[in-house]
Participant: 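Pasting a structure below so you can have a look.
Values below: all heavy atoms of this structure, side chains included; hydrogens, waters and symmetry mates excluded. Chain identifiers are assigned alphabetically (A, B, ...) following the order of the sequence lines, protein sequences preceding nucleic acid strands; residue numbering begins at 1 within each chain.
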Protein chains: 2
Amino acid sequence: MKNVAGVKKMGTRQHDAETTDLTCGIRIIHEDTVDRVKGDLPDRTVTGELAAFFKLFGDPTRICILWALSKAEMCVCDLCALLGMKQSAVSQQLKILRQSRIVKNRRDGKVIYYSLDDSHIEGVLKLGMNHILEEEL
Amino acid sequence: MKNVAGVKKMGTRQHDAETTDLTCGIRIIHEDTVDRVKGDLPDRTVTGELAAFFKLFGDPTRICILWALSKAEMCVCDLCALLGMKQSAVSQQLKILRQSRIVKNRRDGKVIYYSLDDSHIEGVLKLGMNHILEEEL
DNA sequence: TCAATATATTATCATTGATTAATATGAAAA
DNA sequence: TTTTCATATTAATCAATGATAATATATTGA
């Protein structure tokens, strides 16, 4: 005998609110908590954008690029030299960062200089660094 | 005629320091800048850990989980209901977060409750959210 | 105009990552 | 002790990602 949607179980159970969610077919133990948190949870679009934003920092190469640009404006080939990577690889990552509007560039003749284009980037890097350093303890 | 390593080009060029890096075989235009920034750049290990840390935030499901846990301690099936996802999917992500020590859990009978295990997590989420919101303008 | 050079782009390949279904574990209730 | 239930784990699948090589674009100088 299954406990179908909407049917509450009787008994000495300490958790009162208990239902089955049709979405994922699983028992909800704390319906009140779920409802409350669901109200606080940002829109799907927003959480997606948040994830996309952090994904930018989720690659060692991009971390190095962003860190470097937080220290100085640099051109592509200098970044290649700094990172010891192929030019196309660096350009790829710069493209991603550019499209996400967290770096910008300017042209001076043949050379294209990159720099940070967002005030939050350094803060994010530093916050992450704090985490890493405290983790070492 | 190629400009081999160590041979500097003469002329009216405004950039003085110019060499070729053996690592990636590319011309370095601003050697001084590269050297200076290289000194500031964290260790490979650290940048890798930083990227790994941010990668945790680089998935919408994990963002939602972390956001939810910043609002309340929750059990797995409640998270499933909240996110409308399969239990194994949620457990998978919880495992990742657990192994990275940014969430912790406690057992109460059959139910396992999860909560944040790092003081920085909320700060990171909020910083990211600020970025998203300002971007909307 | 032609050659050199800095950067961008494209196609490809190997790797990683997220979700699902199926199964296992472990605790409590019957 | 047997069943139920919450969660964990495993394996399979499919999509996304990052590096490379090759090629294209664009700017400068001869």
Participant: Respond yes when some side-chain nitrogen or oxygen of B/Lys95 is under 4.0 Å from OP1 or OP2 of D/dA8, and no when none is.
Facilitator: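 No, no such contact exists.
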
Participant: Among pairs that include at least one residue of residues 56-71 of chain B, which meet side chain to side chain donor-acceptor pair (under 3.5 Å), considering only residues two or more places apart or in two chains?
Facilitator: B/Arg62-B/Gln93

Participant: Please identify each residue that fulfils side chain to side chain donor-acceptor pair (under 3.5 Å) with B/Arg98, with sequence neighbours left out.
Facilitator: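 B/Arg98: side chain to side chain donor-acceptor pair (under 3.5 Å) contacts with B/Tyr114.
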
Participant: Between the main-chain N or O of B/His30 and the side-chain N or O of A/Asp78, is there a donor-acceptor pair closer than 3.5 Å?
Facilitator: yes

Participant: When the distance from CG of A/Leu56 to C1' of D/dT17 is rounded to whole Å, what number comes out?
Facilitator: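 The distance from CG of A/Leu56 to C1' of D/dT17 comes to 13 Å, rounded to the nearest Å.
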
Participant: Mind listing the side-chain donor-acceptor pairs of residues 45-53 of chain A below 3.5 Å, one per line with the distance, residues two or more places apart or on another chain?
Facilitator:
from    : atom 1 : to      : atom 2 : distance (Å)
A/Thr45 : OG1    : A/Asp43 : OD2    : 2.7
A/Thr47 : OG1    : A/Asp43 : O      : 3.4
A/Thr47 : OG1    : A/Arg44 : O      : 3.0

Participant: Rounded to whole Å, please give me the gap between CD1 in B/Ile29 and P in D/dT27.
Facilitator: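 Result: 16 Å.
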
Participant: What is the distance, rounded to the nearest whole Å, between atom CZ of B/Arg98 and atom C1' of D/dT9?
Facilitator: 10 Å

Participant: Could you give the CG-to-C1' distance, from B/Leu83 to C/dT20, as a whole number of Å?
Facilitator: 16 Å

Participant: Taking the inter-plane angle between the rings of A/Phe54 and B/Phe54 on a 0 to 90° scale, is it parallel (under 30°), tilted (30 to 60°) or perpendicular (over 60°)?
Facilitator: parallel

Participant: Measure from the side chain of A/Arg107, starting at C-beta and using heavy atoms only, and say which of D/dT7, D/dT27, C/dA21 lies closest.
Facilitator: D/dT27

Participant: Check this for me: does the side-chain of A/Gln87 come within 3.5 Å of the base of C/dA8 through a donor and an acceptor?
Facilitator: yes

Participant: Any side-chain N or O of B/Lys110 under 4.0 Å from OP1/OP2 of C/dG26?
Facilitator: no

Participant: Of all the choices, D/dA21, C/dT20, C/dT7, which nucleotide is nearest to the side chain of B/Ala89 once you look at every atom?
Facilitator: C/dT20

Participant: Give the rounded distance in Å between these two atoms: NE2 of A/His30 and C1' of D/dA6.
Facilitator: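 Value for this atom pair: 12 Å.
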
Participant: Send over the distance from A/Leu97 CG to C/dA8 C1', rounded to a whole Å.
Facilitator: 15 Å

Participant: Holding to salt bridge (Lys or Arg N to Asp or Glu O under 4.0 Å), I want the full list of residues that pass it with B/Arg107, two or more places apart in sequence or in another chain.
Facilitator: none

Participant: Using a 4.0 Å heavy-atom cut-off, write out nucleotides 11-18 of chain C from 5' to 3' as B (base contacted by protein), S (sugar-phosphate only) or - (no contact).
Facilitator: B-----SS

Participant: Between C1' on D/dA6 and CG on B/Leu79, what's the gap in Å once rounded to a whole number?
Facilitator: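 Rounded to whole Å, this separation is 13 Å.
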
Participant: So does B/Tyr114 get a side-chain nitrogen or oxygen closer than 4.0 Å to the phosphate oxygens (OP1/OP2) of D/dA8?
Facilitator: yes

Participant: State which residues pass salt bridge (Lys or Arg N to Asp or Glu O under 4.0 Å) with B/Lys126; sequence neighbours excluded, sorted by chain then number.
Facilitator: B/Glu122

Participant: Between atom OH in B/Tyr113 and atom C1' in D/dA8, what is the gap in whole Å?
Facilitator: 17 Å

